[in-house]
2 protein chains.
Amino acid sequence: MKLKKHASDSPRERILEVAGQLFYQSGIRAVGIDSIIAKADVAKMTFYKHFKTKDMLVVEFLKRRDERWRAWFEEAVYRLAPQAQDRPLALFDALEERFRMADFRGCAFINTMVEVADGDHLAHQTAAEHKQKVQGFIQSVLVEAQIDNAKELSKAFMLLIDGAIVTAVREKNPNSAKEAKRIAASLISNS
Amino acid sequence: MKLKKHASDSPRERILEVAGQLFYQSGIRAVGIDSIIAKADVAKMTFYKHFKTKDMLVVEFLKRRDERWRAWFEEAVYRLAPQAQDRPLALFDALEERFRMADFRGCAFINTMVEVADGDHLAHQTAAEHKQKVQGFIQSVLVEAQIDNAKELSKAFMLLIDGAIVTAVREKNPNSAKEAKRIAASLISNS
DNA sequence: CAGTATACAGACAGGTCTGTATACTTGGGG
DNA sequence: CCCCAAGTATACAGACCTGTCTGTATACTG
């Protein structure tokens with residue numbers, strides 16, 4: 001149950017590791033500080049020394065997730081499509097890989113924006129930045145595949161990706177990735 | 001602040017009316033029973049006579065929202081497109097109308113599924129049924145417009161709709177409806 | 001008028017949550 | 001060998017949550 005201390009050395013690291021799992025799995029409001037410190041095997045005061053408030057932990061959690069998610073995504077796309085011209089559609093194969101992971105529960109950023117209804121909250125800004133960075137990557141993939149209108153098309157792809165994610169959660173089924181891929185293929189062949 | 005008693009006669013009606021506003025606006029977990037009964041001007045025991053638990057109220061809230069949402073959607077589509085062959089794309093015009101409403105905060109069913117992480121919860125089932133019914137309506141619109149592959153295409157349209165909703169929330173901007181409409185048009189012309 | 005159903009008002013129990021305060025332990029560097 | 005920074009353990013304040021309880025008021029019905 002508990003995270004072994006040597007598993008990830010510093011308390012701060014252990015907290016972020018555990019928070020990453022619990023927040024994503026159960027949502028932010030549903031996870032209390034007490035659960036986090038228990039699983040991370042850290043004292044409460046140590047927690048509050050490293051993170052001023054729970055909100056601050058949430059922001060750090062999102063930043064960390066952004067970095068790791070994009071690193072994984074880019075790796076997966078390049079691995080699945082070594083040739084540049086295959087990469088645009090491989091975006092959706094990577095997505096499907098993600099959907100098939102045992103702990104998949106949608107996009108942490110969408111989920112957070114839904115949970116934190118207040119649009120002025122820092123979490124909203126962090127989520128917006130994440131999606132912007134992902135769109136940037138998609139655009140670069142389209143450019144490298146020598147597809148016209150890369151910027152416009154990247155917006156359409158983002159919409160398809162978000163739609164596929166929500167559908168996968170809703171139907172508890174990864175097939176929406178293939179559906180989105182078909183639509184994307186139709187868009188490319190018609191541009 | 002309070003809901004006038006004559007506004008909607010029975011206490012049960014007042015509770016559902018208020019819960020509908022507050023749950024959609026701030027999320028389910030964020031709204032306590034006390035806020036609801038205060039704004040609905042109802043005694044606590046009266047509340048618990050009509051709804052066994054908060055969860056039961058949530059389910060009633062979703063059922064009501066399903067009925068009203070679909071009634072509105074169908075009315076809007078027929079109003080915006082009197083001719084059957086114009087209706088498939090008018091789905092997205094109706095959506096945009098919705099996105100422009102002052103209190104728009106995404107799809108109540110998606111939001112609820114995100115907030116209630118437990119996939120076995122009744123709310124998940126209710127949300128799944130809602131989406132199923134919407135897809136049925138879309139399929140009938142496609143059939144009436146004499147479009148082939150109506151069933152397959154209705155799935156694609158659902159994905160586009162969910163994607164547009166999430167994007168509208170994320171960007172706080174109703175333009176995603178037009179984006180989804182363009183994609184839908186491309187799908188139709190290529191089928 | 002009596003009886004019954006419905007709703008209101010507000011206190012309360014028992015639990016959860018965040019964040020703080022206090023005192024104890026421990027390990028590494030000067 | 002001693003110090004002190006970092007971490008631990010635990011109790012606590014105060015807010016808020018769901019759901020229950022007691023008692024009162026009002027309105028319909030026979």
Side-chain angles (χ1 to χ4, degrees), chain A residues 1-62 112 115-118 121-123, chain B residues 1-62 112 115-118 121-123:
Chain A
M1 198 95 266
K2 282 187 183 179
L3 206 67
K4 291 290 176 216
K5 296 201 179 180
H6 59 78
S8 23
D9 30 20
S10 83
R12 188 170 199 279
E13 203 59 25
R14 295 205 304 274
I15 292 169
L16 280 169
E17 202 64 36
V18 167
Q21 292 170 28
L22 297 187
F23 280 162
Y24 179 65
Q25 209 51 225
S26 310
I28 288 168
R29 295 187 72 112
V31 175
I33 302 293
D34 285 349
S35 323
I36 295 173
I37 65 174
K39 200 171 175 193
D41 206 18
V42 154
K44 205 166 203 178
M45 280 313 289
T46 307
F47 172 89
Y48 279 104
K49 191 181 304 183
H50 288 291
F51 302 95
K52 225 172 152 42
T53 64
K54 187 184 180 183
D55 272 11
M56 286 301 123
L57 173 63
V58 170
V59 170
E60 291 300 310
F61 152 65
L62 290 177
T112 302
E115 264 199 285
V116 183
D118 173 19
H121 195 284
L122 246 183
Chain B
M1 200 92 263
K2 282 188 183 178
L3 205 66
K4 290 293 176 214
K5 296 200 180 180
H6 58 79
S8 23
D9 29 18
S10 84
R12 188 168 200 279
E13 202 58 25
R14 295 204 305 274
I15 292 168
L16 281 168
E17 201 63 37
V18 167
Q21 292 170 28
L22 297 187
F23 280 163
Y24 179 65
Q25 209 49 228
S26 309
I28 288 167
R29 295 186 73 110
V31 175
I33 302 291
D34 285 349
S35 323
I36 294 173
I37 64 173
K39 200 172 175 191
D41 206 16
V42 154
K44 206 163 205 178
M45 276 317 287
T46 307
F47 172 89
Y48 279 105
K49 192 180 302 182
H50 288 292
F51 304 95
K52 221 169 154 47
T53 64
K54 186 184 179 182
D55 271 11
M56 286 300 125
L57 174 62
V58 170
V59 170
E60 291 301 309
F61 152 66
L62 290 177
T112 302
E115 263 199 285
V116 183
D118 173 20
H121 195 284
L122 247 183

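All values reported here derive from a predicted model rather than from experimental measurement. First the proteins, then the strands, lettered A, B, ... as listed; each starts at 1.
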Take atom NZ of Lys49(B) and atom P of dC8(C), then tell me their distance rounded to the nearest Å. 10 Å

Within-4.5 Å side-chain heavy-atom neighbours: Leu62(A) and Phe23(A): no

Given side chains that start at C-beta, do those of Asp55(A) and His121(A) come closer than 4.5 Å, heavy atoms only? yes

If you take all heavy atoms of Ser26(B) and Ala117(A), which pair is closest and at what distance? O-CB, 3.9 Å

Return the polar atom pairs (N/O with N/O) between nucleotides 26-29 of chain C and the protein under 3.5 Å, or none.
none

Below 4.0 Å: OP1/OP2 of dG7(D) and any side-chain N or O of Arg12(A): no

Whole angstrom value for the distance that separates C1' of dT20(D) from NZ of Lys52(B): 12 Å

Less than 4.5 Å apart, side chain to side chain, heavy atoms only: is that true for Ile36(B) and Leu22(B)? yes

How far does CD of Glu17(B) sit from CD of Glu13(B), to the nearest 0.5 angstrom? 6.5 Å

Which atom names give the shortest non-hydrogen contact between Ala30(A) and Glu115(A), and what distance separates them? N-OE2, 4.5 Å

Can you check the Phe47(B) CZ to dC17(D) C1' distance for me, whole Å? 12 Å

Validation row: His50(B), Leu57(B) side chains within 4.5 angstrom (heavy atoms): no

Could you check how far CZ of Phe51(B) sits from P of dT18(D), rounded to whole Å? 15 Å

Rounded at 0.5 Å granularity, tell me how far OG1 in Thr46(B) sits from CD1 in Ile37(B). 9.0 Å

Please determine if a side-chain N or O atom of His50(B) lies less than 4.0 Å away from the OP1 or OP2 oxygen of dT6(C). no

Can you measure from CG (Asp34(B)) to CZ (Phe47(B)) and round to the nearest 0.5 angstrom? 10.0 Å

I'd like a table of atom pairs between the protein and nucleotides 11-18 of chain C - only N or O on both sides, under 3.5 Å - with the distance next to each one.
from	atom 1	to	atom 2	distance (Å)
dT18(C)	OP1	Lys54(A)	NZ	2.9
dT18(C)	OP2	Ile33(A)	N	2.7

So, do Val42(B) and Arg12(B) sit near enough that their side-chain heavy atoms are less than 4.5 Å apart? no

From NZ (Lys54(B)) to CD1 (Ile28(B)), nearest 0.5 Å: 7.5 Å

Provide a list of protein-nucleic acid N or O atom pairs under 3.5 angstrom, restricted to nucleotides 23-27 of chain D.
none

